[in-house]
Every structure is written in structure tokens, then in C-alpha cells.
Amino acid sequence: MYNHKKVESKWQQKWEESGVYKNYSKEKKFYALDMFPYPSGAGLHVGHPKGYIATDVYSRFMMLNGYSVLHPIGWDAFGLPAENYALENKVHPRAAVEKNIAVFKKQLKKFGFTYDWDREINTTDPEYYKWTQWIFLKMFERGLAYESDKPINWCPKCKTGLANEDLENGLCERCGTKIEQKKMRQWVLKMTEYADRLLYDLDKEKLDWEDSILSQQKNWIGRSEGVEFELKIKNYELGIKVYTTRIDTVFGMTYAVVSPEHKLIDELGDKIENLGEVKKYIENANKKTELERTELQKEKTGVELKGIKAVNPFNNEEIPLFVADYVLGYYGTGAVMAVPAHDERDWEFAKKYNLSIKHVVEPDYNKFNTKDIFFSSAIKKRESLNFKDSAIETLKYQYSIVRKCQSTNVFCYIGKDGILLNSGKYSGMTSEKAREEMAKWLEKKGAGKKKVNYKMRDWVFSRQRYWGEPIPIIHCEKCAEKKEQVLILHGWEDNSKAGFIPELRKNLESKGYETFAFDAPNTDEPDFDEWFSFIEKKIKTHNLKGFHLVGHSMGGHLALKLAEKYKLESLTLVAPVGFQSPDEYFNQFSGEMDKKELSIFKKFQDRKLNIKKVKDNTGKMYFVFGKKDPWITSEIRNYYIDNFKETAEIAVLENYGHMSADENIKKVDFIENLFKVSTPGVIPVPEKDLPLELPEVEGYEPTGTGEGPLAKITDWVNIKCPKCGGPAKRETNTMPQWAGSSWYYLRYIDPKNKKELVDKKEEKEWMPVDLYVGGAEHATRHLLYARFWHKFLYDIGAVSTKEPFKRLVHVGLINAEDGRKMSKRWHNVINPDDIIEAYGADSIRLYEMFMGPFTQSIAWSAEGVKGVRRFLDKVWNLFESKKFVECGGSCQDVPKEIPPSLHKTIKKVTEDISSMRFNTAISQMMIFVNLVSAADTVPRAAMEKFLIILSPFAPHIAEELWSKLGNKTGILKEKWPEYNPAMVKDEIINLVIQVNSKTRDTIEAPADINEEDAVKFARESEKIKKWIEGKEVVKIIFVKGRLLNIVAKQIIKTTI
RNA sequence: GCCCGGGUGGUGGAAUUGGUAGACACGCGGGAUUCAAAAUCCCGUUCUCGCGAGAGAGUGAGGGUUCAAGUCCCUCCCCGGGCACCA
């Protein structure tokens, strides 16, 4: 009898002692990753480990195939669930988390997984979240983390703001409470800046992800291509921008709508005749929760702005303007053109308020094979719109449906492609063409342009809760009041009034900056030392301290040298010249410069730069280059990119040159943009002070005030400003649960590194993750967030790949036997501990892989577990009872079917593990074992190979039998067996004989039988004779190695 | 409404490029073993008709392409998941 308890604990102990999994010295690598668990209070149920089993099978498979396998595990333990659990059970979240982790760990260890526990990580460990905070600071530096006070989703029960990704049908994903829109200060990550790249890299060519998850993410990002254009307001110098994807229907616009949040209402003020009514409507709309706005979507409401008309730029028609809450403030421009004939929502609204409907696109009938196909769907659509004013039954028979309905103004054709009518010069064009042409026309006129929009919004990143990473930010009032100083340095033969400098100063001063720009001496023959001491004097006389520095060209060089000496708030370099560039670099300008000029140019740059000092002294860094710059060639550019890519934001602009006086002043935009991100008074915690530890606190109940519970700890909150030394306050919001999990896979690679988030060399060695397994519920949250962070880390040079997860497979759920979800509430939870106790870890491993296709949700079956245990017993008994023989080429006593079956099994198991079809791999092993069980004598070598391919699924029993065979080294040290292709092919096959495509007989035949012989055999068969007798054979189809199909027809006897 | 999956015995599910539908397992029926039960082993198990050989039907429904369709095409129904007033 197989004693699983004894065998499993014995080997688990031995494996752990020998560290057999931690073999990282092989040439090829494989990184297998599980979505790390959230250690909840309930412990594991049998559904949780399914994915872990799969990665473990895969990891062992890869180890046996000679790979170094990284297979780590850790804990994702910050966030609301742990905190809510702690609140309910009146314990500290840390204590709860620690206790839960201990339980989870004990449970997981019983499975015999190949985890390297030395790499265990925990997101709540300060040594870990130090780097979560570090990433946040880097984002803040680059303007990707910003404060906003726009309305956000607020959960009144959890008392915290939430990201869009945290909602389910307008309810809080955690507690099911209705979400409110609340205006409050919050931290937001600019995820939309990455929308394009997040979408573009979601490509089957680049990522081996399942279609369902790819499409879910694509939908979430929600890219749409359209046109943004302006509708002028009649009699006023005002306009509203609208966004549409259907500009081809613009001649059908009969009114326009702005959202309740739209600024136009305030701009027009009492020019709106019914302002009171309008304001009342807006007030009511704002009171609605997100849910109410969706629940009430059937009834559209709105109010006309009386006395106000908008003008359609295409035909100068004047149209009424409405405010209505079916238009969303946060998408597009917050205003739309309404075309009731071709948009269902506008159609509903127009019907209700009796607005005119103008039909401008009809279907392209040539595209439909039959009119019936088109009209059946058209009629369906009409039915769904409660179309009652005409008899559908009669319409079904009338192909003149379109014209008829046109005259009654009710037909809607909603298709994206059609032919335009009633559209001026665009009439007769296809929709597609018209969209192109109309966009061109608008662009030419300067009234609009093509625009891409995304549904995805920026990530609301702050939580007004306790149990999360503190956001490492300090608010300083004194710094907020202080004027920021900006010093701008010009270049060779330039001055402070030329180029982009005056425009930049104007822009910055209007934003409250104090700017300085001076004319350097001898700009014809600049001498570095002269310029340097000149500027130092100016810094002293104007008392510049902690200022921003901008330098262009040679001024950029100067700026860098100043940065070695002075503490800078920020450093912006526009096309800076280089440092000690090689002679070849200067020689290439000998055509443009004479000897004297060349020597001035060279001498100015003839010094070294202390890069470390610059980095230490400088806050944010922005480098801007033009790709068409004749002076700053790619070699100079690369010098800066190589040395500063981790600390500086570097932009290389396609169509720009040296960006000096001769270039368009507009180019100042990009420099000015760089200053937008610095909000005065918002001070990052200095990197050296990380981790900013979460302080202990008496009560961590949420306050509901918009401040986190941390606000109550005054001696933590009140702090000296690291910038000015004055009194300042810490940020009291914490990060959301999804922060720590957005980069954890990197930390496993180098979990104890104190200097870096991950060692560069190690990162390059292990990334990307080769196989990532986890639940599909993370498709639009964790996986999106992690990809976003990863791309950011790529941009700052912290990681070497653009995408983190090469192959992603989602694990199907395990439901309870009653078909419901496993839940405490239903009392149907199955604890893996009990299954392991009764049947062993190998049984649960094998069962969960055998129960069905891996990605599919399937109900648990107690009987099923018994079944696979029966299989394991059979394997065990095989090794107890059979006679094992050594045989080289052939053995007489061994049934001849065994070797081919073994090779088929090796082939199938190899292929099926690779494609994650574990269920069929196991069934093939069962077939093999059934065959072997029937024999008395078995070849030892075959059984050894079988144990190796069984071992990824059932490692304990395989290892035990392996050692019982007398092997001294562990089974994981073995090589995965290869199959012999010749053995896999059957020599004798059952050739199927069909008559008129119905199988009537099968004959045993050599696999390579040709058509002629097959027909001969077939004709000899009594069964076949019976079916073709008296018939004429009209055709013979022969599929080699498979079947023969005789097509025979009844002979029709004709009598004359 | 839109976007992804999926629909095969009593159950979980197999089925290469279209080529014997139901592998493997569970359950069930029968038998062996046992004082008996559990466990184990053997046989059977898509449905209908038939003692049987065998015949017919059959992969959600209907239609089509083909010598041949679970597989490809069209229309529709149902189930699961995601999104949802995104202009």
C-alpha cells in the first residue's frame, strides 16, 4: 500500500534540505510566475493552488529540460481587505497579516512546490515598499504622479477614493456600496500618457496572451479615432469643442449637447434666458450617484439653453443647444453634436423632446448579398427601439423601406459604413471617404482636427486609509508661497532677448515664476571661464537659491558645470554641447567653421563633467534634443542619454534642429511644459529617507474627511521641510492595494538588494517572465497597472524589456460541487489540507490538472480525487508486483505494444505540458499505465522514463519509486526523455472503409498501404460487397493512413 | 446593446490540416473476492429498435459547402465572462 503521508513528508524535507530547486547555473533560463496571493483570513481553499500547481508542473518540466528555473512566491498584503479584516477582528492589520501568512505558508508547503523560499517577498515589508515608494518618487519627478481635485469615485462605506478599475457596475468592488462622485484632493498617476503604448504592445506577435485577456484590456483602454471640431455660438465670441467618431453624419446634426459639468454654462451666464432652470438641472444631475446615472439611462433628460444657438460649420445651420447628463463630462470634450437619425441615444432624446431628425446616411445596398439580410437586422433594431408607429409586418415585404421612412423621419441606419445623402458636396460618398474628406476640410479651415480618445482614465492612486504604503510627499506652505526662480542661459552668438528666451520668460512669469536671463560677455568668442565667473557673480547679486536652471547649447554646457556646484531645483538642457568630445566630432564641422571658430568651439567644451555631483545637486532633469540638429549629433546626445537616462527625462524631437533663434517660437511649448509639473510646496521625501515607514497608530479607522487616519499622528505628520527647513506636513494618504503588486515580479530576481530595486545584470538575465499564471479577474487591473509601471521603469532605464510578461495563461476557477462559488457563506468550501491528509498532495495536484482544460471553470468532484488516487495506487502496485527486466534492443517477454506506447506517451506529455493541456497529458499516462498493468514483465528503462514524465505532476511518489529502483540521485537531476519518432508511428493501422461516407468496415493494414491495395482489400470484404453490390462505383477517395471512401450510385435501369 | 469565450453521453471532458464522435476518468449496471462491508480485480455502459448479427439516429436549432462537417460558411437560440449613455 502506498503511504502518501510518510512518503510526502520525507521528500518535502529532503528537497528543502538539499535546495534542489535553487539551481541557477544553467545556461538557459525560465521564469515561472504565479500571481502572488493575498493572505486573507479564510486560508486557502482548493481553488487557489490550481494555478500554482500548473506553474510547478511547468517549472519541474523545464528543470528536467535543463533550464535554470526561477519560481518564487510572496505575499501581497497591503490594502483594504486586510484592513477591513483587522477592523472586524479588532487586531492590528500587521498582526493579522502575519498570522494569515503563516497559515498560507504552512498550507502551500504541503504541496511540494519548487518555490525558492529564500526569495519570499512581502509588500508590507519596509525593505520592500521602500522601492514601491521609490518608483512613486520617480514618477513624481517626471510629472506622472500629480495632485488633482477633480471629482472621483468615493466609497462612503470604505471611506476612501477609488480608481475606475475598482468599480463593479457603479458599486464598490470590495463592499458593494453605491459609489458617489466626490470632489477632493487626491494623487493620480498619469496612466493615460501610456495609453497608446499600452495598447500598441498588446499584440499577439509580441505577447503570447490569450485572446480573451487581450481583448478585455483593449476594450478597457478603449481607443477611438474621431474628429474634434468647434461649433461657434451665435452672436458670441465663444465656441464649444465637440468630439465625434461619425463626422460623416455631421449634416444630420439637428442639435448639440453639453454635459452638466461643461464650462460653457458659466461662460454664458445670464445670456442664457432660462439660466435658473438650467442651473437647477445641473444641480440635480450632480446629486445623482454614478449608479443612478446609469440606472436611469432609459429616460434621457435635458434642458435647452434658451436664447443660445450653435452653428454647424459645414452648412452654417443654426441649431439648438442642450445640457443633458447623458453626455459625460470626463470623456472627449464633454460636449457632442447630436445626430438623431444615426445614433440611438440622440434618437431617444430627439423623440422625447420632439426635435427634428435628419437622415444623411443610407446603407450601401451593394454590400448586402440579399436585401433580406439587411432588412432583418434593420427591423430588429427598430423593434428594440420600441418602434410602433408603423407596421413592421408590412415593412418586411417592402424593399422601399428606406425612402418611406425617410419621409416620415423615423428610420435609423446605425451602420458605420454607408452612402451619404443630403450632405452637400459630400453626398454620394461612402462614409469612410467622407470621414477622411471632412476631417481634411476642418483641418484646412482650422476649425477641427483628427483626434484619438481613450476610455481609460488616469489612475486615482491615493487611499484615505491606514494599511498601505505612505505616499512619500511633504506639503510645505512656505515653499508654496515662495517664488520659484528660473535662470536661463543662452548660447554662442546669442543673447538674452533672442530665440525662445523672451517667450519662455513671459510664460513662466505669468505662472508666478521669477526669471533671470543675462547677456554673457564676448558672445562672439565665448570663453568658458569668463562666462562662468560672470554667471556666478549674477547668482550672488540676485541671491538665487535652489533655483531652476535652463541652458541652451553652450549655455547648456555652462549649466551642467554650474550644477556641479549649486543645488538646483531643476535643470533643463536644450541641445547642450558636449564634454571633451573626440577630434573626429569637431573635424566634421571644418566645412562650416574656420579654424578660429573651431578652436573656440572646441575649447569651450574641453573639460570633464562630474556626473555624480550633478545628479546629487539637481532635482528634476529635462534634456531636449532635436533630431535634425546639425551641431548636437547623435554621439553627443548619446553621451547624455547613457549617463543620465535613469535620472533625466530625455526627449528627442523628430522635426527639430538646434532650437535657437532661427526656429519657430512655438517650440518654447515643450520647455514650458516641463515646469507645469512642479507644484510649489509639494516636496518629495528625499530618496535617502526611504523607506518612509508606516507609523504605529492607536486607531486606524477611516476618518471620512478626505485625510487618512495617519493625520491623527501629529508628531509624524508635522515635520521640517527638507527644502526650506520650515514647518511642513506629511501627506497622510496611502497607496492603493495595487501599488506593491505592480512591480513585485522584479523584486524576486534580487530580493535583498539594498542599493537598487533590482540589479541590472540579474534583471537582464531573468526578464521577461516566461510564464505568468493567474486569475482572469486581474485582466484590467493588476495586469494593466503592472504593464504601465513596467513601461515607466523601462523609460528610466531600470528594466530592459518593454513588456513584463511574455506568456500569460489564466487559470479557470474551481467551483464547489453544488456548482456555486466556494464560499464560507454557502458552507461548501473544501480545504486542501483535508484532501492532502486523506489522499496526498500528489493526488490533489494530479486531480486539479486532470479535471478539465486548465483555463476553464469546473466544479470540484470528491469522486474525481478518488479516481486519480486510484491511478497513483496502480502506479505504485506496478512497481511492487511486476517483474522488471533489463533489455537493450528487444526483450522477448515484454509485450510488443509497450515500447511504442511509451514513446507516444512521452511525445504527448511533452507537447501537452508545453501547451498547458495537462488533462490530456495525464490521460495518456493513464493509458500507458493501463497497458503496462496487463503485462507480467516490464522493461525497467521504460518505467524509469515513465517516472520522469510523471514527476512534474506527482513528484513525491515519482521520487520515492525512483529511489526504490536503486537510484542514488534525485529525479530532478535527470534529463527529460526524448521520444523516437519512428516508434510513435503505427506500423499497422485500422484502415477505415466507407461506402458513401458511412463506415462499413475497418481492415488491419500496413500504415503505408497504397490506394490500389486498399481498394483490392475493400473489394474482398464481405461487409463492403454487401453495400456496393448492384451499384456503380463513381468515385474513390483515399486518404493515406486513414480511410478509403467508395462512392457508389444505384444503377438506374431504364427500360425503353 | 457591444466585445470575448463556450454549447458533445448520466457527469468532468477527448477528437491533429475536415477523415471511425465519445479517448481518459467519474458514476452506474453485472460478475469475482469476502461471513459481510470497504477496498481491489474483470466485463458492460451515447440513444432507439433487435435475442443476435446488425440497422438507424446522433455533437444547441435551422440551412449551406464537401465524397466526408463537432470541426468551414450563413441565420438563429441558449450559457459563462467582460464593458456599458465612451458620442
Side-chain angles (χ1 to χ4, degrees), chain A residues 1 168-170 210-220 222-224 226 242-246 249 257 259 293-294 296-298 300 324-328 330-339 342-346 348-349 369 372-373 376-377 381 384-385 414 453-457 776-777 779-780 810 813 847 850-853 855-868 870-871 873-874 877 911 917 919-927 930 933 990-1002 1023 1034-1039 1041-1048:
Chain A
M1 259 306 276
E168 261 174 22
N169 288 324
E210 282 166 56
D211 289 333
S212 61
I213 295 184
L214 284 180
S215 84
Q216 258 186 65
Q217 239 183 60
K218 280 181 191 166
N219 287 343
W220 188 266
R223 182 191 155 96
S224 81
V242 295
Y243 176 74
T244 179
T245 56
R246 291 298 309 276
T249 64
V257 191
S259 65
R293 254 173 108 153
T294 31
L296 299 169
Q297 66 173 273
K298 282 163 232 151
K300 291 203 171 18
D325 69 357
Y326 81 92
V327 170
L328 305 167
Y330 48 76
Y331 184 77
T333 59
V336 299
M337 69 174 203
V339 184
H342 305 289
D343 182 282
E344 288 187 55
R345 296 153 300 183
D346 297 342
E348 269 178 58
F349 191 81
N369 292 336
D372 299 305
I373 292 174
S376 68
S377 58
K381 201 114 237 181
S384 74
L385 295 171
I414 299 168
N453 258 329
Y454 297 95
K455 275 198 244 178
M456 188 178 81
R457 285 186 261 166
E777 70 273 19
T780 50
H810 96 260
L813 296 173
Y847 173 64
F850 181 62
M851 61 198 300
T855 60
Q856 195 172 306
S857 297
I858 299 168
W860 179 262
S861 155
E863 294 300 330
V865 188
K866 283 191 203 167
V868 294
R870 224 171 279 169
F871 166 71
D873 284 333
K874 219 168 180 175
N877 293 336
E911 290 170 357
R917 292 189 311 232
N919 54 333
T920 48
I922 293 167
S923 100
Q924 180 61 38
M925 288 193 283
M926 286 173 168
I927 291 170
N930 287 345
S933 298
N990 281 324
L991 186 75
V992 173
I993 315 285
Q994 300 181 329
V995 178
N996 291 336
S997 307
K998 286 207 153 104
T999 304
R1000 297 302 179 188
D1001 196 9
T1002 58
K1023 289 177 187 168
V1034 290
K1035 201 171 181 183
I1036 286 177
I1037 283 113
F1038 178 70
V1039 183
R1042 277 197 195 278
L1043 64 70
L1044 179 75
N1045 187 7
I1046 300 168
V1047 185

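Small disclaimer: the values here were computed from a predicted structure and weren't measured. Naming convention: chains lettered A, B, ... in sequence-line order (proteins, then strands); numbering from 1 in each chain.
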Rounded to whole angstrom, note down the P distance from A61(B) over to G50(B). 26 Å

Which value, in whole Å, describes the distance between the P atoms of nucleotides G80(B) and G19(B)? 31 Å

Measuring from the side chain of Lys1035(A) (C-beta onward, heavy atoms only), which nucleotide among C4(B), U20(B), C67(B) has the closest atom? C67(B)

Do Gln994(A) and Ile1037(A) make a side-chain contact, defined as non-hydrogen atoms from C-beta onward lying under 4.5 Å apart? no

Could you work out which one of C3(B), U20(B), C24(B) sits closest to the side chain of Phe850(A)? C24(B)

Using the C1' atom on both, measure A14(B) against A39(B) and round to a whole Å. 29 Å

Starting from P on G6(B), measure out to NE2 on His810(A) and report it in whole angstrom. 11 Å

How far, in whole Å, is A23(B) from G62(B) if one measures between their C1' atoms? 31 Å

Could you give me the CA-CA distance, side-chain angles and deciding distance for Asp346(A) and Met337(A), then say whether side-chain contact (heavy atoms from CB on, under 4.5 Å) is met? CA-CA 9 Å; Asp346(A) 297 342; Met337(A) 69 174 203; over 6 Å; no

Does A87(B) have OP1 or OP2 sitting under 4.0 Å from an N or O in the side chain of Ser224(A)? yes

Minimum heavy-atom separation for Tyr331(A) to Asn453(A), with atom names? OH-CB, 3.5 Å

Dot-bracket for RNA chain B, please. Rules: Watson-Crick or G-U, both distances under 3.5 Å, ( ) within the strand, [ ] when a pair crosses earlier ones, | for another strand, . otherwise. (((((((..(((......[....)))((((((.......))))))((((....))))..(((((..]....))))))))))))....

In this structure, how many angstroms lie between the C1' atom of G19(B) and the CD1 atom of Ile993(A), rounded? 13 Å

What's the gap between G60(B) and C77(B) when it is taken at their C1' atoms, as a whole Å value? 7 Å

Can G9(B) be described as syn, meaning its chi torsion is within 90° of 0, or is it anti? syn

Given RNA chain B, 5'-ward residue of the pair Ser861(A) and Ile1037(A), judged by closest heavy atom: Ser861(A)

Residues forming a side-chain contact (heavy atoms from CB on, under 4.5 Å) with Ile927(A), sequence neighbours excluded: Gln924(A)

How long is the line joining CG of Leu1043(A) and P of G18(B), in whole Å? 14 Å

From the set C24(B), G82(B), G19(B), return the single nucleotide nearest to any side-chain atom of Ile927(A). C24(B)

Can you find a pair of side-chain heavy atoms, one from Tyr326(A) and one from Glu348(A), that are under 4.5 Å apart? no

Rounded to the nearest Å, what distance is computed from the OH atom of residue Tyr331(A) to the P atom of nucleotide A87(B)? 4 Å

May I ask you to say what Gly332(A) touches in the nucleic acid, namely base, sugar-phosphate or nothing, with a heavy-atom cut-off under 4.0 Å? nothing

Take atom NZ in Lys218(A); do more than 12 heavy atoms of anything else shown fall under 6.0 Å from it? yes

Separation of G18(B) P from Phe1038(A) CZ (nearest whole Å): 19 Å

Inter-nucleotide P distance (C3(B), A84(B)), Å rounded: 16 Å

Could you list, one pair per line, each protein nitrogen or oxygen that sits under 3.5 Å from a nitrogen or oxygen of nucleotides 14-16 of chain B, together with the distance?
unit_1	atom_1	unit_2	atom_2	d
A14(B)	OP1	Asn919(A)	ND2	3.1

Please give, in whole Å, the distance from C85(B) P to Tyr326(A) OH? 14 Å

Quick one: list whatever passes side-chain contact (heavy atoms from CB on, under 4.5 Å) with Ile858(A), sequence neighbours left out. Met851(A), Pro853(A), Gln856(A)

Would you say that Val992(A) contacts Asn990(A) through its side chain, given a criterion of any heavy-atom pair below 4.5 Å between the two side chains? no

Check: Gly334(A) main-chain N/O paired with Ser259(A) side-chain donor or acceptor under 3.5 Å: yes

Closest heavy-atom contact between Ala779(A) and Ile213(A)? CB-CG2, 4.0 Å

From the options A25(B), A87(B), G82(B), select the nucleotide whose nearest atom is closest to the side chain of Asn930(A). A25(B)

Between Asn219(A) (CG) and G5(B) (P), how many Å, whole number? 12 Å

Find which nucleotide of RNA chain B each of Asp873(A) and Trp220(A) is nearest to by heavy atoms, and output the residue with the more 5' nucleotide. Asp873(A)

Whole angstrom is fine here: how far is it from CD in Glu777(A) over to P in G80(B)? 18 Å

Flag side-chain contact, heavy atom, 4.5 Å: Val339(A) against Arg246(A): no

Atom pairs, protein N/O to nucleotides 27-29 of chain B N/O, distance under 3.5 Å:
unit_1	atom_1	unit_2	atom_2	d
G27(B)	OP1	Glu863(A)	OE1	2.5

Verdict with supporting geometry, Trp220(A) and Met456(A), side-chain contact (heavy atoms from CB on, under 4.5 Å): CA-CA 6 Å; Trp220(A) 188 266; Met456(A) 188 178 81; 4.3 Å; yes

Are Lys874(A) and Asn930(A) packed together at the side-chain level, in the sense that at least one heavy-atom pair is separated by less than 4.5 angstrom? yes

What I want to check is whether an N or O donor and acceptor connect the side chain of Lys300(A) with the base of C85(B) at under 3.5 Å. yes

State the CG-CG distance between Asp1001(A) and Leu991(A), to the nearest 0.5 angstrom. 9.5 Å

N/O-N/O pairs, protein side and nucleotides 68-73 of chain B side, under 3.5 Å:
unit_1	atom_1	unit_2	atom_2	d
A68(B)	O4'	Ser997(A)	OG	3.0

Nucleotide nearest Arg1000(A) (side chain, heavy atoms from C-beta), chosen from G12(B), G56(B), C85(B): G56(B)

Are any non-hydrogen side-chain atoms of Tyr847(A) and Ser861(A) less than 4.5 angstrom apart? yes

G81(B) to C26(B) separation - C1' atoms, rounded to the nearest Å: 27 Å

Determine the interatomic distance between P on U65(B) and the same-named atom on C73(B); round to the nearest Å. 15 Å

Regarding Asn1045(A) and Ser997(A), is there a side-chain donor-to-acceptor distance under 3.5 Å anywhere? yes

State, without any angle test, whether Asn219(A) and Lys455(A) hold a side-chain donor-acceptor pair at a distance under 3.5 Å. no

Taking the minimum atom-to-atom distance to the side chain of Ile858(A), which one of C85(B), G12(B), C4(B) wins? G12(B)

Can you check whether Lys455(A) has a side-chain N or O nearer than 4.0 Å to OP1 or OP2 of C85(B)? no

